[in-house]
Each structure stands twice: as C-alpha cells, then as structure tokens.
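Below, read A as the first sequence line, B as the second, and so on, with proteins coming before strands; counting in each chain starts at 1.
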Amino acid sequence: MKFFKWKKEKDENSATGSKIASTNPVVDVTPRAEQQLYRGSKQLYSENIEENLQSLFQRLPDPNLVTEEFIIGSRSKTKVVIAYLQDVANTGIVAEIKNRLKGIKAEIIPDTSYIERNIQDSIWSPFPQVEIVSKVDLTLTALTQGRVAIFVDGCPNIIIAPTTLFDLLDTPEDAYRRWFVASSFFRIARFISFIIATLLPSFYIALTSFNPELIPSALTITLTAARENTPFPIYIEAFILMGIAEVVRMVMLRMPNTTGQSISIFAGVTLVLTGLVTNIISGPITIIVGLTIIASFTIPGFDLRSSIRIIQFFTMLMATIFGLFGLAVSVFYILIHLSTLKSFGIPYMSPLGPIELSGWGHTILRKTSVDMPQDETYKPKKK
Amino acid sequence: MTIKDNVQDKIDPRVIPLIFFLTIIEFKLFVMDRKVFLIAGRDSWLSALIGGVLVTLGTYFLLRLMKRFPQQNLFQYISQIWGRPIAFIISIGYFLFWGSYLTLLFNNTGEVNQIFFLEKTPILMPIFLLALGAVWLVAYGLVAIIRFIQIISPIFIISLLLSISLSLSQVEIHNFFPILANGITPVLKGAILYTGYFHGLEILLFLSPFLSDNTKIFKPALAGIAFLNFLAVVFTILAIGILGINNTNQMLWPGFAMLSLIEIPGFPAERFELFQTVPLLITAFVAISVILYLLSYGIIQVFKISQKKTVVYLIGLLTVLSTLLIPDFAWCMKLREVHIYAAIIFIYFLPLLTLLLSVLREKRGIIHEK
C-alpha cells in the first residue's frame, strides 16, 4: 500500500485550520461488505484518515478541492479534516462549519457522532441534519453539489453537511441506474414507503377505532370477524406488536450476525404465531405491523430509520386518543417541525419547501441527464 | 462571513398562488358562499364570475400599493400616508378584524371536528391542539409558514382536484334555468358580497419585505387569484348543478353534501366524503396560522414589543379562550356572515384609500440598496 505525501499550507483565514493539498495520490482500500450494491463503486473508507483523503484525491484530482485540518479533543487531539470544492461550495456554509468545529469542547472524539451532535442545528430534532456516508463515490457527488465532507481520524464514516431530507432518502442506485424513469419510479416508491412506515399503524388505529364507516363494508366484516375473540382493543394490540417488533430488531443488532438473525427470526415467528393461535392478537394487525416494518427498511439511513420508529409511536398515540383528527394534527406537527428545521442554513425540506424546481431532477425525481445535474439546493457559487 | 449573508431566506414570488389557495379557501370549500346563494339564487355562478373580476381588480390595486412600498409592510407605511393618529386607529381596526376572524376560525374548526370526528370530545381540545401547532409555526415567522404551505400543498391540490373531477358527472344542467329570473340586481349584490369571502388576501400587503424579487410579483399573484376565482365558480356551479338551489340554500354544509354524493366505482366506503375533510383541515390550519401571524406580528410592530414569542403565545391563548364567547354554531355562522362586510372594508376599501392618498401625497417607500 502506498501512502501519498502531504503538502501543508497554513490557512490565513483560520486560526486552527491548515490547508492540505495532495501530490500523486494513490491508494488501495480493501472493500468491506457493508451493504448490498448492484452497481457503482464498492470502495469504502477505512479507519485511517490519510488513506481516506488519498482515496478522495485519487477520485477527484481537482485543484479546487480544498482540505483544512483541525485538531479537536483536549485529550485525544483527534485530526478532523474538512474537504470542499472551493469554486462550488457556498462560502457562508463553509465558514459556519469551520466555526462550529472550532467551537467543539470535547475531551475525546471516538466517533463522527461526537462531531455530528456538536455541529447540528437542533439537538431536539429526531431528524439527522447531516448525512453519514462510507463510500468515496458518494463523497464526490456531495462535493460537486457544493456540500462539505468532514473526515475524522479513526472513523470509517464521513459526515456530509449540509443535508436535506430528500438527500437522506437517496440511494446510490438512484443515480447509477441506466433508465431515469425506473429511478424516478423507485424514488417515489421509497417516499410512499417512508409515509407508510410513519403513518400506517396510526391510520389503521384511527380508522378501525373511530371511523370504521370509511372502510369498505366487505373489509369491515373481515376485520370484525378476525377480531371476534381477541381480548384487547386495537390500539393495545398495535402497541404490543410494534413493541415486540422493536425488541426483535434490537436483538438482531446486538447479537453476533448469524446467531442474532436466527434468534430474532425464531423469536419473532414464534411470538406472532402463538399470539394468533391463542387469539391474543388478530391477523389484520399482524399484517399492518409487518408492512410497516418492511416499509421502514426502505429508508436508507440508520439514524433516519431509528427516528421514524419513534415518530411511529407518536402518531399512534395521537390516533389512539384523537382518531383521524389526531393523526392529521400529528402530521401537521411533523411537517411544522420539518418546515422550520434547517441544516447549516439550508431548509431541510428543500427543494419541496421552498420549491426549487432546479433541484427536483436529482432529489424528488431523477431527470434524464448525461451529466450530474447542478441544482441550487445548497446555494453553490454561480459558475 | 455568516450563513445569513450567503443563504438568504426569501420567498419566491412564484409560490404566491399556493399561498392564496391555502390561506383563502379555509372552510369555504364546505360552507361555500352561502350568503351569495341566498341573494342571487341559481344565478350565484354569475355573481361569482362578476365578483371574480372585482376581486382580481382589488388584487391589482393591492399589488400597486405593494409596489409603491416594496420593502415595507402596511403597518410600516400607513403612518407616512395617513399620519400617526389615524394610522394607529387603522391598525387597531385591523387587529380587531383579524382577532375576531381568528376566533371564528378556531370555533369553526372545533365545531367541524365535533360533527365529523370526535363527537364527545370537548370543543376546546381540538382547538387547543391546532392552536399549539399554529403558535409553534408562527413563532418561526412568515417564511416558515410559507415553507409549510409549499410542503403541504400537494396533498391539498390532489384532494381538491379529485373531488372536482369526481363531482362533475353529477351536474344537472336544468338546475341553472331560468337564468336571470330575478333580474341583474341580485346578481350584482351577490358579486359585491362574494368579494368579502376572500379573507386572507391582505397577506399581500405584508409579503413585500420577504420576497426574493419584488418586481416579479404581478403575474403570479394575478394568475393565482384568477385561478382561485375559477375554482370558486366551478364549485358554485357544482353546488347548484348537483344539489339544486333550494337544497343548497337549506343546507348548512352544501359543499360537504355535494361531496357525499360522490361514488367511486369499486370503492364501497359509505362515507367517502370524510376523506375530503383532509383539505378542509389543511386549509383551516394554514388560514389560522397566517391570520395569527398577521395579528401577532402586527401588534409586535405597532407597539414595538421585543418579546415576540411571548406575544405569539399570548395571542394564541387569548383567541382560543375567546371562542368560549360564541354561544353556539348558529351564532358562529351568523358572525361569519357579518364578517364578510368587515372584510370588504379591510381588504379592499382601506388599502385602496391608502393607495389613492399615497398617490395624491406623492408618498413612496424607501428602497434600501442590497
């Protein structure tokens, strides 16, 4: 493995930062099987910051690619490097990121999450306000959008800031798939899945508990028949089953790979089957919870997925107490939060709110373009 | 160098039609212009048509006034035009107008919720929940409200277009004849009253300082109001065409009754129209938020109060409590009808006088270099 040589220049504008430029970048990083990819680079970042920066310089040998180094952590003296394209990235956003990094007063930086929680706009928001990537190609596209990459020594994940909800719902396949119509179709399908994951159990509770007249008659009869011998009201069933699903998911995460999967599948199937056979839970709620869990796995980011699970319980609670009206109010609350949330000055729901049609081509849909479409979402410098 | 210097949070003038749709429609989708129906009868669609021209004309004058003072809102320039004492009285008038309208909106929402969703829940509970959301949104300012409108508008537009397209087949042409049976006078009276249903149009007078480009506002604003008028005419035609004028006049919710006749092949839900309460809730919430913004920030500006959030929360609480002063739903509907006349004064008459006076006294806004 070859390491590239560093040429450091003191940054005149920054008290702690220093500019780094590369010469002859060559690197070989062993790919790790972290996610299923059908197309696109499988090269992942390593835990060595210098290797990671080499990978970036190798893929993007642009003289406008600027990196600046910060030392953060009073004890760990962790090297943190930001990278951006100086002819694209918005000067105000870069300056704000540097200011927030300089403001971090931590003793140690064991992970990027320590940086993330110190630089994000709102600590109370359930929605992540930066994007975490572990692939080099994703960093490239982010930099060309005018975003900033933050590398932390010892971490294989890179922070990309700012971000929007639509970028968090993006997957590499959306950009790499040959046919733009298919990409747009799957993107819309993912948005629908996102809505299902957030609202389906609450919608079911509201309809069945408060407004059954809205359900088609034949379906109402089937639902009533299925619930004939179950002892609990629908909302209790929903909360129990959603709770069990969360426990099973936690087991999958905590246990070693093969053992964890076997135990969680066995436990999940046994519990559901026993519940159904003994009439403790009804069939329809099992379908609803199953569909919700499947839909939640279409959300690409781990942090966003975790947040949606919490939000599910909030909407369920509102629907349990206030029915369809409660569901509508909970959607209003979520949308109010999303419309007031910002990531480094960029509205979180951009390009839908505010509407910026130039950004729809590679966020909400994917337009047919041979080039990476340039949009105004991250307020890049005008070329 | 800060983010604010580089990333300006401004409103694109092209979203003005969306602002109009979600702010002005509120309960009119279900209640419709009842008073116009009572006066003009089966010729109400003609009143809507003529009234639409008047509303567009009114919008044009509001835009002219806005153009004279591109970087100020109404409360900032009326003192230059009217003089301080009169400007203060006008401001108080606007506060009473918005305050009473907000109370009526809250009361309507609570009543609607009780009728359609939660029969046994006390009326204050849903009002409080909506007020909480509105106060939260308003505390972030007008730009956040407009962003919310943009995000939620697809749900509203899809629901509305679905309702219209599914209702069209039910229209019976004979319900419109004979045309002008009672002469033109009721139609003209109805047209004037129709203009009073455009509560929320006055937001134009407060948008100026937040727009990214003040010079490009005429086209989207006029196109937006023209399309809104077109929708109003279509809904009036649908109500008369489907229900007939006698039924329309007798019903409390003609729009809702009209939607309840919708049948979707293969969709055997008994009360499909309940799904259409979604756009109603959306528009009601947006209207509440916008009016709460105008009222609270107006008070903040006129009385030079620095505790902005406190004022917003206090106004929210006071208007929620003031709904207790309305004895019942019949009173609420009656007060809404009276409020139409106040709307004509505050949305058209006063701004038009202000424009005339500013032209006569050659007053113009101060333009700051960017």
Using heavy-atom distances under 4.5 Å, tell me whether Leu118(B) contacts chain A through its side chain, its backbone, both, or neither.
side chain
Heavy-atom side-chain proximity of Phe332(A) to Leu129(B) below 4.5 angstrom
no
Decide yes or no for Asn113(B) and Phe322(A): does some side-chain heavy atom of the first lie under 4.5 Å from some side-chain heavy atom of the second?
no
CZ (Arg147(B)) and OG1 (Thr340(A)) are apart, to the nearest 0.5 Å, by 7.5 Å
Shortest non-hydrogen contact from Leu137(B) toward Ser339(A)
CD1-OG, 3.9 Å
Where on Phe148(B) is there a heavy atom nearer than 4.5 Å to chain A: the side chain, the backbone, both, or neither?
both
Considering only heavy atoms, which portion of Leu18(B) lies under 4.5 Å from any heavy atom of chain A: side chain, backbone, both, or neither?
side chain
Ile336(A) side, atom CD1; Tyr140(B) side, atom OH - distance, nearest 0.5 Å
10.5 Å
Give a yes or no on whether Phe210(B) atom CZ has more than 12 heavy-atom contacts from other residues, nucleotides or ligands under 6.0 Å away.
yes
What distance separates Thr121(B) OG1 from Ile321(A) CD1, expressed to the nearest 0.5 Å?
10.5 Å
If we only count heavy atoms from C-beta on, is the Leu335(A) to Phe285(B) side-chain gap below 4.5 Å?
no
Does the side chain of Leu132(B) come within less than 4.5 Å of Tyr333(A)'s, by heavy atoms?
yes
What part of Phe210(A) gets closer than 4.5 Å to chain B, counting heavy atoms only: side chain, backbone, both or neither?
side chain
Top of Ile149(B), Asp12(B), Leu281(B), Ile145(B) for chain A proximity - count of heavy-atom pairs under 4.5 angstrom:
Leu281(B)
Mark yes when over 12 heavy atoms from residues, nucleotides or ligands other than Tyr235(A) sit less than 6.0 Å from its OH; otherwise mark no.
no
Specify whether Phe325(A) and Phe117(B) have parallel, tilted or perpendicular ring planes, treating 30° as the upper limit for parallel and 60° as the lower limit for perpendicular.
tilted
Mind checking the CD1-CG spacing from Ile152(B) to Leu352(A)? Nearest 0.5 Å is all I need.
11.0 Å
Specify which of Met125(B), Arg14(B), Gln150(B) makes the most heavy-atom pairs with chain A at under 4.5 Å.
Gln150(B)
